[in-house]
Peer 1: 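To start, I am sharing the structure in question, which I have written as structure tokens.
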Amino acid sequence: MAFWSSHSYHFLLLGLLSLLLLHPTTNTTAAIRLHIVQKTTPSATTVPAFREAPAFRNGDTCCSPHKDDTIHIVMPLDSNYIRGTIAAVLSILQHSTCPENVSFHFLSAHLELEIYSLIKSTFPYLTFKMYRFDSNRVRGKISKSIRQALDQPLNYARIYMPDILPIDVKRVIYLDSDIIVVDDIAKLWGVDLGKKVLAAPEYCHANFTNYFTDAFWSDVNLSRTFEGRHPCYFNTGVMVVDVDQWRKGGYTQKVEEWMAVQKQKRIYHLGSLPPILLIFAGNIKPVDHRWNQHGLGGDNLEGKCRGLHPGPISLLHWSGKGKPWLRLDSRRTCTVDYLWAPYDLYRSSRVALED
């Protein structure tokens, strides 16, 4: 099977998009191929173009897609990170034994027809839905962090997943947009949460005190938060979450309460990570480290190159300032960025129009 489709269509009326939006999860072999929709107004934002991904099909060992067999994956969707999101989706489908059993839920601050069209044209057979995350939910609650990207409202959308997703979605895998999966995602999905709300790789060798300020540790009442727990750092860019238990436990409100404390006393420097650590650190289901080879984007200030950690790898994560698509374009690559490049479906708009 050829990796790229030999057919591409470059323009389609927005009216057709409105029809597609009525059936976002339909998978048919006669699906309309959309590649890029461009507005003619001078103020229109240029939408990137991507190659069409191949149709990944379930193997003989897979059951027909059923509600109980569905793997629900939640990802943020932002125009600045769309290239990473597309690469992440491709990697998940390519390495899944049963790709048609995977359903994607995209959280976006803006429900744009162009972005919907882009995903639909790149993955014509993909099962997905888009949900609007209302930025007003975190207006006035976000505190300035050490990196501007961490201050964006969409970075906090993971906290509100249980409120945004349909009530019948009870368990999800949350993934950031700067990841690549090189293993069957069903293995991560199959982790036994037990009675825990979430599961993630833990890093107990990391200096946990560094994630909070002196103002936090010097406050007797605040530092007691971790009494009775052995808190370890975990990265919130890769989590298996029992959203049903999250809803019942009212954890969104608990995170917001810590965000309010941060506003008053400045108890941490990062974005949405620390308030989640305050609630769950030391009380999660540990997952094998292979499921989050994180830090490939370097530190949060300079984004310097980092190598791979020893051990097997199922998921690569460019957390930190450096993103592989930006470094590749600027020709200031790190060695690990070449592991991301094979999943990059991006093509310039000029090439798309000449194809």
Peer 1: Can you see whether Tyr125 has Arg57 sitting over its ring - NZ or CZ less than 6.0 Å from the centre and within 45° of the normal?
Peer 2: yes
Peer 1: Measure across Lys170 and Ile167 and return the closest heavy-atom pair with its distance rounded to 0.1 Å.
Peer 2: NZ-O, 3.7 Å
Peer 1: Could you walk me through whether Met161 and Val74 pass the side-chain contact (heavy atoms from CB on, under 4.5 Å) check?
Peer 2: CA-CA 8 Å; Met161 286 190 299; Val74 178; 3.7 Å; yes
Peer 1: Side-chain atoms of residues 181-194: list all donor-acceptor pairs with protein atoms under 3.5 Å, sequence neighbours left out, distances to 0.1 Å.
Peer 2:
residue	atom	partner	partner atom	Å
Asp183	OD1	Lys187	NZ	3.0
Asp183	OD2	Ser314	OG	2.8
Asp184	OD1	Ala186	N	3.1
Asp184	OD2	Thr97	N	3.4
Asp184	OD2	Thr97	OG1	2.7
Asp192	OD1	Gly194	N	3.0

Peer 1: Do Trp246 and Thr252 have side-chain N/O donor and acceptor atoms under 3.5 Å apart?
Peer 2: yes
Peer 1: Between Met130 and Leu77, is any pair of side-chain heavy atoms under 4.5 Å apart?
Peer 2: yes
Peer 1: Report the C-alpha separation of Tyr116 and Phe128 in whole Å, then their side-chain angles, then the decisive distance to 0.1 Å, and conclude whether the side-chain contact (heavy atoms from CB on, under 4.5 Å) test is met.
Peer 2: CA-CA 10 Å; Tyr116 178 90; Phe128 75 94; 3.6 Å; yes
Peer 1: Quick one: does Arg229's side chain have a donor or acceptor within less than 3.5 Å of a partner on Ala281's backbone?
Peer 2: yes
Peer 1: Pick out which of Leu90, Ile86, Ile92 makes a side chain to side chain contact (heavy atoms under 4.5 Å, CB included) with Tyr343.
Peer 2: Leu90
Peer 1: Thinking salt bridges, do Asp344 and Arg51 make one under a 4.0 Å N-O criterion?
Peer 2: no
Peer 1: Within the structure provided, determine whether Pro99 and Asn58 are in side-chain contact (heavy-atom separation under 4.5 Å).
Peer 2: yes
Peer 1: Would the Phe216 and Tyr211 ring centres measure less than 6.0 Å apart?
Peer 2: no
Peer 1: Just by distance, no angles: are the side chains of Tyr268 and Thr213 close enough, under 3.5 Å, to form a donor-acceptor pair?
Peer 2: no
Peer 1: Whether the side chain of Ser108 engages the backbone of His110 through a donor-acceptor N/O pair (distance < 3.5 Å, no angle test) should be reported.
Peer 2: yes
Peer 1: Give a yes or no on whether a salt bridge exists between Asp219 and Arg224, defined as a side-chain N under 4.0 angstrom from a carboxylate O.
Peer 2: no
Peer 1: Would the His105 and Tyr131 ring centres measure less than 6.0 Å apart?
Peer 2: yes
Peer 1: Which atom names give the shortest non-hydrogen contact between Pro48 and Leu118, and what distance separates them?
Peer 2: O-CD1, 3.2 Å
Peer 1: Is a side-chain donor or acceptor of Ser177 paired with a backbone partner of Gly84 at a separation under 3.5 angstrom?
Peer 2: no
Peer 1: Applying salt bridge (Lys or Arg N to Asp or Glu O under 4.0 Å) between Asp337 and each of Arg331, Arg332, Arg327, report the one that passes.
Peer 2: Arg327
Peer 1: Output the distance between atom CG (Asp69) and atom SG (Cys62), rounded to the nearest 0.5 Å.
Peer 2: 9.5 Å
Peer 1: Fit a plane to each ring of Tyr346 and Phe50, take the angle between them on a 0 to 90° scale, and name the class: parallel (under 30°), tilted (30 to 60°) or perpendicular (over 60°).
Peer 2: perpendicular
Peer 1: Compare every heavy atom of Lys196 with every heavy atom of Ile284, then report the nearest pair and how far apart it is.
Peer 2: C-CG, 4.1 Å
Peer 1: Tell me whether the centres of the aromatic rings in His294 and Tyr203 are closer together than 6.0 Å.
Peer 2: yes
Peer 1: Is a side-chain donor or acceptor of Arg247 paired with a backbone partner of Pro162 at a separation under 3.5 angstrom?
Peer 2: yes
Peer 1: Locate the shortest heavy-atom distance separating Asp78 from Asn80; write the atom from each residue and the value.
Peer 2: OD2-N, 2.9 Å
Peer 1: Are Val261 and Lys263 packed together at the side-chain level, in the sense that at least one heavy-atom pair is separated by less than 4.5 angstrom?
Peer 2: no
Peer 1: Can you tell me how far the CD1 atom of Ile179 sits from the CE atom of Met75, to the nearest 0.5 Å?
Peer 2: 5.0 Å
Peer 1: With a 6.0 Å cut-off on ring centres, are Phe208 and Phe226 close enough?
Peer 2: yes
Peer 1: Any donor-acceptor pair under 3.5 Å linking the side chain of Lys141 with the backbone of Glu256?
Peer 2: no
Peer 1: Can you give the donor-acceptor pairs under 3.5 Å from side chains of residues 235-245 to other protein atoms, not counting sequence neighbours?
Peer 2:
residue	atom	partner	partner atom	Å
Asn235	OD1	Gly237	N	2.7
Asn235	ND2	Tyr233	OH	3.2
Thr236	OG1	Arg158	NH1	3.2
Asp242	OD1	Asp244	N	3.1
Asp242	OD1	Gln245	N	2.9
Asp244	OD2	Lys248	NZ	3.4

Peer 1: To the nearest 0.5 Å, tell me how far Thr122 OG1 sits from Leu345 CG.
Peer 2: 7.0 Å
Peer 1: Taking side chain as C-beta onward, heavy atoms only, is Ile276 less than 4.5 Å from Trp258?
Peer 2: no
Peer 1: Please round to the nearest 0.5 Å and tell me the distance separating atom CZ of Phe133 and atom OH of Tyr156.
Peer 2: 10.0 Å
Peer 1: Distance from Leu328 atom CG to Lys323 atom NZ, nearest 0.5 Å?
Peer 2: 13.5 Å
Peer 1: Measure across Asp163 and Arg137 and return the closest heavy-atom pair with its distance rounded to 0.1 Å.
Peer 2: OD2-NH2, 3.2 Å
Peer 1: Please list all pairs meeting disulfide bond (SG atoms under 2.5 Å apart) that have one or both residues in residues 173-223, counting only residues at least two apart or in different chains.
Peer 2: Cys204-Cys232
Peer 1: Between Asp178 and Trp325, is the side-chain contact (heavy atoms from CB on, under 4.5 Å) condition met? List the steps.
Peer 2: CA-CA 9 Å; Asp178 51 359; Trp325 55 91; 4.2 Å; yes
Peer 1: Using the rule side-chain hydrogen bond (donor to acceptor under 3.5 Å, both in side chains), only one of His309, His317, Glu202 pairs with Asn292; which is it?
Peer 2: His317
Peer 1: Would you say Phe212 and Leu277 make side-chain contact, with heavy atoms under 4.5 Å?
Peer 2: yes
Peer 1: Where do Ile180 and Leu315 land on the side-chain contact (heavy atoms from CB on, under 4.5 Å) test, with the steps shown first?
Peer 2: CA-CA 6 Å; Ile180 290 295; Leu315 185 148; over 6 Å; no
Peer 1: Quick one: are Ile159 and Ser272 in side-chain contact, heavy atoms under 4.5 Å?
Peer 2: yes
Peer 1: Can a side-chain donor-acceptor contact be found between Tyr81 and Gln152 if the only test is distance below 3.5 angstrom?
Peer 2: no
Peer 1: Decide yes or no for Leu296 and Leu308: does some side-chain heavy atom of the first lie under 4.5 Å from some side-chain heavy atom of the second?
Peer 2: yes
Peer 1: Could you tell me if the side chain of Asp134 sits less than 4.5 Å from the side chain of Tyr160, heavy atoms only?
Peer 2: no
Peer 1: Could you grab the distance from atom CD of Gln262 to atom NZ of Lys265, nearest 0.5 Å is fine?
Peer 2: 12.0 Å
Peer 1: Would you say Trp217's side chain and Thr209's backbone share a donor-acceptor pair under 3.5 angstrom?
Peer 2: yes
Peer 1: More than 12 non-hydrogen atoms from neighbouring residues, nucleotides or ligands closer than 6.0 Å to CG on Asn136, yes or no?
Peer 2: yes
Peer 1: Report the C-alpha distance between Tyr251 and Phe280 in whole Å, list the side-chain angles of each, state the deciding distance to 0.1 Å, and finish with yes or no for ring pair (Phe, Tyr, Trp, His ring centres under 6.0 Å).
Peer 2: CA-CA 10 Å; Tyr251 289 105; Phe280 292 108; 4.9 Å; yes
